[in-house]
Amino acid sequence: MPELPEVETIARDLHNVLSGQKVMAAEFLNTAIREDCTRFAPTVLIGNNLESVSRRGKNLIFRFQNNFAIVCHLKMTGRLIIDADLPNNKKHLHFQMQFDKSRLSFYDVRKFGRICITDLSGLEKHPRLRKLGPEPFALTSDEFVKLVKLRNKPIKLILMDQEIIAGIGNIYADESLYDAGIKPTLKPSKISRPRLIKLLESIVKVLTISINNRGTSVDDYLDGHGQKGNFQNLIKVYGKTGQPCPTCGAKIKRVVLGGRSTHYCTRCQK
DNA sequence: GACAACCTGACC
DNA sequence: GGTCAGGTTGTC
């Protein structure tokens, strides 16, 4: 599902509506999505105020009074929706939290998503958070070049490696590389420093535009209010196999890299 | 690296 | 019936 812009959109939606509200009830309806490292039953949250909802990489972090916290990863099809209509596919409803003024529902068709109920000490050493690389927005050019050069595998796989940089997934890797004019299969040793610096600029640019458009809804993604994003209308290459490149008109090519569909323009990306 | 696994649904 | 899907993890 969601990559950085989608998770950021959801985090902001939930923070705006839910922070300051008190938890009245919380329960798993399906424990398949309960993370193994969960330390507490959801009932420990009852009576606590939600202090904030934030994002780290593709993870959502809820902080409550008394140092309780939730870490949530939506994987491919997870959704967190405020005051979703109840009749809406109960079959895929796996977790629910009732606040004094709102209800938060976690849906996931494929059940890949995970929710962990923990506390501050659990947050610090959470396996999903501890190994994450830096956020793309926090990187200087020098840091980015150094990070990328640490490994010698195709640049797209480096961008998608959460331990190197956190938050970039398949869509934004393809779109950023297109914007920077870099072929996804190139290894960093074959990319000049100026081109790598341009790549970081493209990443920041593409992610920012997508956040401003509330993310990409090509399939399942919905924001915290159950609404679609708009960035799918601005996508240049992702999922556009065989269609003309918006810049030069050449057909967009699809290859498989790291088991993921990869889309690029053979003329614009070298 | 490539590949399978975790799941379900959409599409050909 | 087969293929594919915004992710991650574990195994040859």
Side-chain angles (χ1 to χ4, degrees), chain A residues 1-11 29-37 55-60 71-80 88-94 106-116 126-133 136 151-178 184-188 203 206-207 209-211 213-224 227-242 254-263:
Chain A
M1 108 26 113
E3 307 178 34
L4 188 153
E6 292 76 35
V7 181
E8 180 67 25
T9 301
I10 293 171
L29 293 98
N30 182 340
T31 53
I33 58 101
R34 184 175 60 199
E35 192 102 77
D36 292 340
C37 60
R55 177 193 61 75
R56 176 74 177 98
K58 300 172 190 171
N59 297 271
L60 286 150
V71 180
C72 176
H73 199 302
L74 299 163
K75 292 285 181 79
M76 298 285 265
T77 52
R79 293 173 170 172
L80 277 169
N88 182 14
N89 61 339
K90 257 242 151 123
K91 181 181 169 190
H92 303 305
L93 174 62
H94 308 311
F106 177 88
Y107 297 93
D108 192 345
V109 168
R110 293 173 77 176
K111 302 194 200 82
F112 288 174
R114 289 293 179 269
I115 287 178
C116 174
H126 197 282
R128 215 179 267 298
L129 302 176
R130 206 177 40 177
K131 290 175 1 184
L132 288 178
R151 301 284 201 74
N152 202 35
K153 57 182 179 180
I155 185 66
K156 170 167 177 178
L157 299 186
I158 289 177
L159 297 187
M160 289 180 64
D161 186 333
Q162 302 301 297
E163 293 183 26
I164 301 177
I165 309 162
I168 301 172
N170 209 21
I171 294 179
Y172 299 104
D174 279 4
E175 293 297 310
S176 299
L177 288 164
Y178 175 78
T185 53
L186 268 196
K187 294 182 177 176
I203 289 167
V206 166
L207 293 176
I209 294 174
S210 183
I211 291 171
N213 279 275
R214 303 189 58 74
T216 304
S217 294
V218 297
D219 197 11
D220 293 293
Y221 164 71
L222 298 176
D223 67 22
Q227 305 293 308
K228 290 187 175 191
N230 299 310
F231 191 77
Q232 64 276 14
N233 302 315
L234 302 174
I235 281 178
K236 305 279 178 58
V237 288
Y238 175 79
K240 305 281 188 191
T241 312
R254 174 183 183 271
V255 296
V256 175
L257 258 187
R260 314 299 300 278
S261 280
T262 297
H263 316 77

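Order of the sequence lines sets the chain letters (A, B, ...), proteins ahead of strands, with each chain counted from 1.
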Give the minimum heavy-atom separation between [X] and [Y], together with the two atoms involved.
X: A/Lys58; Y: A/Val7; value: O-CG2, 3.6 Å
X: A/Ser261; Y: A/Asn170; value: O-ND2, 3.1 Å
X: A/Gly167; Y: A/Gln162; value: N-OE1, 2.8 Å

Point to revise | Syn or anti for C/dG7 (syn when the glycosidic angle lies within 90° of 0) | key: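 Because its glycosidic torsion lies more than 90° from 0, C/dG7 adopts the anti conformation.
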If only side-chain N and O atoms of [X] are considered, is one of them under 4.0 Å from the OP1 or OP2 phosphate oxygen of [N]?
X: A/Lys111; N: B/dG9; answer: no
X: A/Ser261; N: C/dA5; answer: yes
X: A/His92; N: B/dC7; answer: no
X: A/Lys75; N: B/dC6; answer: no
X: A/Lys131; N: C/dT8; answer: no
X: A/Arg110; N: C/dG7; answer: no

Review point. Which of these nucleotides, B/dG1, B/dT8, C/dG7, is closest to any side-chain atom of A/Arg260?
Key: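 For A/Arg260, the side-chain atoms sit closest to C/dG7.
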Rounded to whole angstrom units, what separation is found between the [atom1] atom of [X] and the [atom2] atom of [N]?
X: A/Ile211; N: C/dG6; atom1: CD1; atom2: C1'; value: 14 Å
X: A/Ile165; N: C/dT8; atom1: CD1; atom2: C1'; value: 17 Å
X: A/Tyr238; N: C/dG6; atom1: OH; atom2: P; value: 3 Å
X: A/Ile235; N: C/dA5; atom1: CD1; atom2: P; value: 13 Å
X: A/Arg56; N: C/dT8; atom1: CZ; atom2: P; value: 12 Å
X: A/Asp174; N: C/dG7; atom1: CG; atom2: C1'; value: 15 Å
X: A/Met160; N: C/dG7; atom1: CE; atom2: C1'; value: 8 Å
X: A/Asn30; N: B/dC6; atom1: CG; atom2: C1'; value: 13 Å

Review point. Any ion pair linking A/Asp161 and A/Lys153 (charged N to carboxylate O, less than 4.0 Å)?
Key: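 A salt bridge is present here (some side-chain N lies under 4.0 Å from a carboxylate O).
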**Study point:** Position toward the 5' end of DNA chain B (nearest nucleotide), A/Asp219 or A/Asn152
**Key:**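 Residue closer to the 5' terminus by nearest nucleotide: A/Asn152.
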Point to revise | Residue whose closest nucleotide on DNA chain B lies nearer the 5' end, A/Arg114 versus A/Leu157 | key: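 In this pair, the answer is A/Leu157.
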Check your understanding: Among side-chain atoms of A/Tyr172 and A/Glu6, is any donor-acceptor pair under 3.5 angstrom?
Key ->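 Checked: A/Tyr172/A/Glu6 side chains pair up, N/O donor to acceptor below 3.5 Å.
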**Study point:** Is_stacked (A/Tyr172, C/dG6) at 5.5 Å, 30 deg
**Key:**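 Per 5.5 Å and 30° rule: no stacking.
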Exercise for review: Return the stacking result for B/dC7 and A/Phe112: yes when the ring centres lie under 5.5 Å apart and the planes under 30°, no otherwise.
Suggested key: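 A stacking contact does not exist, since A/Phe112 is not both close and nearly parallel to the base ring of B/dC7.
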Once you apply a heavy-atom cut-off of 4.0 Å, does [X] come out as touching a base, just sugar-phosphate, or nothing?
X: A/Asn170; result: sugar-phosphate
X: A/Gly169; result: sugar-phosphate
X: A/Asp220; result: base

Check your understanding: Near A/Arg56 CZ, under 6.0 Å, is it more than 12 heavy atoms from other residues, nucleotides or ligands?
Key ->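 Counting other residues, nucleotides and ligands, CZ of A/Arg56 exceeds 12 neighbours.
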Point to revise | Over 12 foreign heavy atoms within 6.0 Å of CG, A/Asn233 | key: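 For A/Asn233, atom CG is crowded (more than 12 foreign heavy atoms under 6.0 Å).
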**Study point:** Watson-Crick or G-U wobble mate for B/dC7, both contacts under 3.5 Å
**Key:**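 When the pairing criteria are applied, nothing turns out to pair with B/dC7, so the answer is none.
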**Study point:** Base paired to C/dG6 (Watson-Crick or G-U; both N/O distances under 3.5 angstrom)
**Key:**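 WC or wobble partner does not exist here.
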Review point. When rounded to the nearest Å, what value does the distance between C1' atoms of C/dG6 and B/dG1 take?
Key: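 Looking at atom C1' only, C/dG6 and B/dG1 are 23 Å apart.
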Point to revise | P-based separation of B/dA4 from C/dT3 [nearest Å] | key: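 Nearest-Å result for C/dT3 against B/dA4 at atom P: 11 Å.
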